Amino acid sequence: MTAFHGEYKLPGGKLTVVDFDVTSGIIENFSLAGDFFVEPDEVVPEINRTLNGMRADSSITDYRTAIDAALPAEAQLLGVTPQAIGVAVRRALTNAATWRDYDWEIVHDAPVSPVLNSALDEVMTQAVGTGLRKPTLRIWESTGPAVYIGSFQSLKNEVDTAEAEASGTAIVRRISGGGAMYMVPENCITYAIFVPESLVRGLSFEESYAFLDEWVIEGLQQLGIDARYVPLNDIAGPNGKIGGAAQKRLGSGGILHHVTMAYDIDPQKMTKVLRIGREKLSDKGIKSAQKRVDPLRSQTGLSREAIVEHLIDVFKRRHGGEMGSVTAAEMERAEQLVAEKFSTKEWLSRVP
């Protein structure tokens, strides 16, 4: 008999805790706990009875389906779902880590070039995966405006290269997927989280997005913003999108999760450089861009610096962490990658 313990905090919900034993591949002595709300009281014992006797190699869907079938019609679950219980079980069985299992480093260094920011993403993800760096939160600071396109996007379809060159806007292809982002340093807040695979073990790809950004949702809500996560990868407010996330998973076991949030927006410049449905500079295009984005400046009235400081504080209080810096070796390797990869025509135009 082997004992297992698992935890999972449902994004926007409560903590789910499961404890159970496994004997000959069968779950026994299952116990559900947490700070959620359930009515009537008999629901929790019924869930415990349902999971007892199930195979430990069942899928999250199997657990969810079994719980759904066992719940009485009058059951009310607040802050917990059958899916969340299934996730907690899988995380227990796969020995997933929790945030506090790690000593976190937080990096907020001086601005570097846009292309160097993307190269550092790759270098630091690799370093975490190989154990050369602690799991890290890094706040980006850039020396100039840039368009970052996803790893699989077409350059010519996404960016007006002539307009970008004329306006001094760098064009960078990042290693993660997702859509194009027009980023002006003073108008956005970008952070990257570098984590080992063990932190998101047992989670689906979609679940890992919300899980890794739960802390920032909490931070925004503390500022009075009605922020929420919209699958697959958006952070949204009442009036539109606040930011978007992207991920890249390396063979080393390191995972890059990065997010860009709009602090402010200049739709005229954005629609000049990005081919947003080729609405370009028409009033319709500008109004459409403004409607889709809900900047933090207009919602809070706070400076960009104050919001960044607040978010770092939230991360520290929730997950721990000490301030650190990019190492000299990491910077050297990133500069090498800029020369060999990120600044080359082959990389930038790999999807023409």
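None of these values were measured; they are calculated from a predicted model.
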Report task. Test Glu105 against every option in Lys316, Lys134, Arg133 by the salt bridge (Lys or Arg N to Asp or Glu O under 4.0 Å) rule and name the one that passes. Result -> Arg133
Which atoms form the tightest heavy-atom contact between [X] and [Y], and what is the distance?
X	Y	result
Tyr148	Ser142	OH-OG, 4.1 Å
Val80	Ile85	CG2-CG1, 3.9 Å
Cys188	Met183	SG-CB, 3.9 Å
Ile235	Val216	CD1-CG1, 3.7 Å
Asn187	Asp266	ND2-N, 4.3 Å
Arg173	Phe152	NH1-N, 4.1 Å

If we count only N and O atoms by modelled type, under 3.5 Å, do the side chains of [X] and [Y] hold a donor and an acceptor together?
X	Y	result
Asp68	Thr65	no
Ser176	His258	yes
Asn117	Arg174	no
Ser58	Arg90	no
Thr98	Asp101	yes
Thr125	Glu122	no
Glu28	Thr23	yes

When hydrophobic residues are tied together by side-chain contacts of less than 4.5 Å, even through go-betweens, does [X] share a cluster with [Y]?
X	Y	result
Leu10	Ile47	no
Ile67	Ile26	no
Val200	Tyr191	yes
Ile106	Val314	no
Val172	Val112	yes

Tell me whether the count of non-hydrogen atoms from other residues, nucleotides or ligands lying under 6.0 Å of [atom1] in [X] goes above 12.
X	atom1	result
Glu340	CD	yes
Gln336	CD	yes
Glu322	CD	no
Asp103	CG	no
Gln221	CD	yes
Glu186	CD	yes

Requested in this report: List the steps and the verdict of side chain to side chain contact (heavy atoms under 4.5 Å, CB included) for Ile307 and Thr300.
Outcome: CA-CA 9 Å; Ile307 295 175; Thr300 66; 3.7 Å; yes
Requested in this report: Just do the side chain to side chain contact (heavy atoms under 4.5 Å, CB included) check on Met1 and Val22 with the steps written out, would you?
Outcome: CA-CA 6 Å; Met1 182 176 70; Val22 173; over 6 Å; no
**Report entry** Contacts of Phe205 that satisfy side chain to side chain contact (heavy atoms under 4.5 Å, CB included) - sequence neighbours left out
**Finding:** Tyr209, Gln247, Arg249
So do [Y] and [X] actually touch side chain to side chain, heavy atoms under 4.5 Å?
X	Y	value
Arg228	Val230	yes
Leu71	Leu77	yes
Ile60	Val89	no

Query raised in the report: Leu250 and Lys248: side chain to side chain contact (heavy atoms under 4.5 Å, CB included), yes or no, with the steps?
Result: CA-CA 7 Å; Leu250 301 184; Lys248 178 65 178 180; 3.9 Å; yes
Report task. For side chain to side chain contact (heavy atoms under 4.5 Å, CB included), just list the numbers for Arg138 and Leu120, CA-CA rounded to whole Å, side-chain angles, deciding distance to a tenth of an Å, and then say yes or no. Result -> CA-CA 10 Å; Arg138 176 176 178 257; Leu120 282 168; 3.4 Å; yes
Report summary line: Residues pairing under salt bridge (charged side-chain N to carboxylate O under 4.0 Å, His left out) where one sits in residues 206-220, two or more places apart or in two chains, turn out to be Lys9-Glu214, Glu218-Arg318
Query raised in the report: Between Trp104 and Phe194, does the ring centre distance come in under 6.0 Å?
Result: no
Using only atom types and a distance under 3.5 Å, with no angle test, would you say the side chain of [X] pairs donor to acceptor with the backbone of [Y]?
X	Y	answer
Arg297	Ser303	no
Ser343	Val338	yes
Asp160	Ala162	yes
Asn52	Asn29	yes
Ser349	Glu346	no
Arg201	Thr94	yes
Glu330	Thr327	yes

**Report entry** Distance (rounded to the nearest 0.5 Å) between Thr344 OG1 and Leu337 CG
**Finding:** 10.5 Å
Query raised in the report: Hey, what's the ring geometry for Trp347 with Phe342, parallel, tilted or perpendicular (30° and 60° as the breaks)?
Result: perpendicular
Query - salt bridge (Lys or Arg N to Asp or Glu O under 4.0 Å) between Arg275 and Glu163, intermediate numbers included - result: CA-CA 11 Å; Arg275 299 180 185 273; Glu163 286 285 358; over 6 Å; no
Please table the atom pairs, donor to acceptor, closer than 3.5 Å between any side-chain atom in residues 30-46 and protein atoms at least two apart or in another chain.
unit_1 : atom_1 : unit_2 : atom_2 : d
Asp35  : OD1    : Leu15  : N      : 2.7
Glu46  : OE1    : Arg49  : NE     : 3.4
Glu46  : OE1    : Arg49  : NH2    : 2.7

